[in-house]
Amino acid sequence: MADKLEVLFSEEVITEKIRELGAIISKDFDGQEVTLVCILKGASMFTCELAKRITVPVKFEFMQVSSYGNETESSGVVKILQDLDEPIRGKNVLVCEDIIDSGRSMHYLLEVLSGRGPASLKLCSLLDKPDRRVVDVKIDYKGFTIPDKFIVGYGLDYAQKYRNLPYIAEVTPDAQ
């Protein structure tokens, strides 16, 4: 048997939401440049699609953080696995994340980035799962609020599978 997938957000619905976010971000940063910090691996699809819909000049940076290790539940200990290539002092920084869950990783990451002296630091997340929040995190630009479900697609994975799906689905793993 295979994992069961139930579509929550179609590709068309996601595309429209990203278009809306891009328009708001473009207006908020009108006349300025913004550095998008893509949180790998999950936010890669979202960040690329969002960047195409932002009309102000954009630069890309990438970070990878982990608080899971080899477990399915967060350990609460956040590690930066890949850091930025360029300094962000004096720059407008927009952190792009796939999902805000417990908030631990993003809270830590925003504190670290804030200490590096950006002109502005904002957070954009495609998904928000507030029922799982342990640490409060302000999401400046939010795509969808979702219930506490196990989801995949559009960059989100289950054991490195399903990242490439053009939609977001709830997954029920096969219980072989």
Atom of Lys142, atom of Leu21 and distance for their closest heavy-atom approach: O-CD2, 3.7 Å
Does any part of the side chain of Gln82, heavy atoms only, come nearer than 4.5 Å to the side chain of Met63, both counted from C-beta? no
Exam field: side chain Asp98 to backbone Leu156, donor-acceptor pair closer than 3.5 Å: no
Taking the inter-plane angle between the rings of Phe9 and Phe144 on a 0 to 90° scale, is it parallel (under 30°), tilted (30 to 60°) or perpendicular (over 60°)? parallel
Give a yes or no on whether the backbone of Asn92 and the side-chain of Ser120 come within a donor-acceptor separation of less than 3.5 Å. no
CZ-CG distance between Arg132 and Asp148, expressed to the nearest 0.5 angstrom: 5.0 Å
Before giving the answer on side chain to side chain contact (heavy atoms under 4.5 Å, CB included), spell out for Leu50 and Cys96 the whole-Å C-alpha distance, their side-chain angles and the decisive distance to 0.1 Å. CA-CA 9 Å; Leu50 180 64; Cys96 298; 4.0 Å; yes
Given Ile139 and Ile100, is the side chain to side chain contact (heavy atoms under 4.5 Å, CB included) satisfied, shown in steps? CA-CA 9 Å; Ile139 303 172; Ile100 305 297; 3.7 Å; yes
Rounded at 0.5 Å granularity, tell me how far CZ in Arg19 sits from CD in Glu49. 10.0 Å
Step by step, work out the side chain to side chain contact (heavy atoms under 4.5 Å, CB included) result for Lys161 and Asp3. CA-CA 11 Å; Lys161 297 188 300 186; Asp3 300 330; 3.3 Å; yes
Can you tell me how far CD1 of Ile39 sits from OG of Ser105, rounded to the nearest 0.5 angstrom? 9.5 Å
I'd like to check Ile151 versus Ile99 (side-chain heavy atoms, cut-off strictly below 4.5 Å). Are they in contact? yes
Taking the basic N atoms (NZ, or NE/NH1/NH2) and the acidic carboxylate oxygens, is any pair closer than 4.0 Å for Lys138 and Asp136? no
Scanning both residues in full, the closest heavy-atom pair of Val137 with Leu110 reads CG1-CD1, 4.1 Å
Give a yes or no on whether Leu8 and Leu126 share a hydrophobic cluster (residues Ile, Leu, Val, Met, Phe, Trp, Tyr; joining criterion: side-chain heavy atoms under 4.5 Å apart). yes
Closer than 3.5 angstrom, by distance alone: can the side chain of Arg104 be matched with the main-chain N or O of Val135 as a donor-acceptor pair? no
Please examine the side chains of Val58 and Thr35, heavy atoms only from C-beta on, and report whether any two atoms are closer than 4.5 Å. no
Return the CG to CD distance between Leu109 and Gln64, rounded to the nearest 0.5 Å. 12.0 Å
Shortest non-hydrogen separation from Ala119 to Gly90 and the atoms involved: CB-O, 3.4 Å
Within a strict 4.5 Å, meaning less than it, do heavy atoms of the Val95 and Met106 side chains meet? yes
In terms of heavy-atom contacts, does NZ of Lys17 have more than 12 from other residues, nucleotides or ligands at under 6.0 Å? yes
Where is the tightest heavy-atom contact between Pro173 and Val171, given as atom of each residue plus distance? CD-O, 3.6 Å
Are the side chains of Arg53 and Thr15 in contact, using a 4.5 Å heavy-atom criterion? yes
Could you give the distance from CD (Glu12) to CD1 (Ile14), rounded to the nearest 0.5 Å? 9.0 Å
Report yes if some heavy atom in the side chain of Ile25 is under 4.5 Å from a heavy atom in the side chain of Leu94; otherwise report no. yes
Under a 4.5 Å cut-off applied to non-hydrogen side-chain atoms, are Leu36 and Ile54 in contact? yes
Check Phe46 against Cys124 and note the closest heavy-atom contact, atom names and distance. CZ-SG, 3.5 Å
Tell me if a side-chain donor or acceptor on Ser26 pairs with a main-chain N or O of Gly22 at a distance below 3.5 Å. yes
Kindly compute the distance separating OG1 (Thr145) from CG (Leu127), expressed to the nearest 0.5 Å. 9.0 Å
Residues Leu165, Leu5; criterion side chain to side chain contact (heavy atoms under 4.5 Å, CB included); working and verdict: CA-CA 11 Å; Leu165 296 177; Leu5 298 176; 4.0 Å; yes
Lys149/Asp131 ion pair, N-O < 4.0 Å: no
Asp28 and Lys122: salt bridge (Lys or Arg N to Asp or Glu O under 4.0 Å), yes or no, with the steps? CA-CA 11 Å; Asp28 288 355; Lys122 301 217 180 248; over 6 Å; no
Should Phe62 and Val37 be regarded as members of a common hydrophobic cluster, given that ILVMFWY residues are connected when their side-chain heavy atoms come within less than 4.5 Å of each other, either directly or indirectly? no
Could you check whether Asp128 pairs with Arg133 (Lys NZ or Arg NE/NH1/NH2 to Asp/Glu carboxylate O, under 4.0 Å)? yes
Just so I know, are the side chains of Phe60 and Thr47 near enough to count as touching, which here means a heavy-atom distance under 4.5 Å? yes
Would you check if the side chain of Arg163 reaches a backbone N or O of Tyr158 as a donor-acceptor pair within less than 3.5 Å? no
So, Glu33 side chain and Lys59 main chain: donor-acceptor pair closer than 3.5 Å or not? no
In terms of heavy-atom contacts, Gly155 and Met45 come closest through N-SD, 3.5 Å
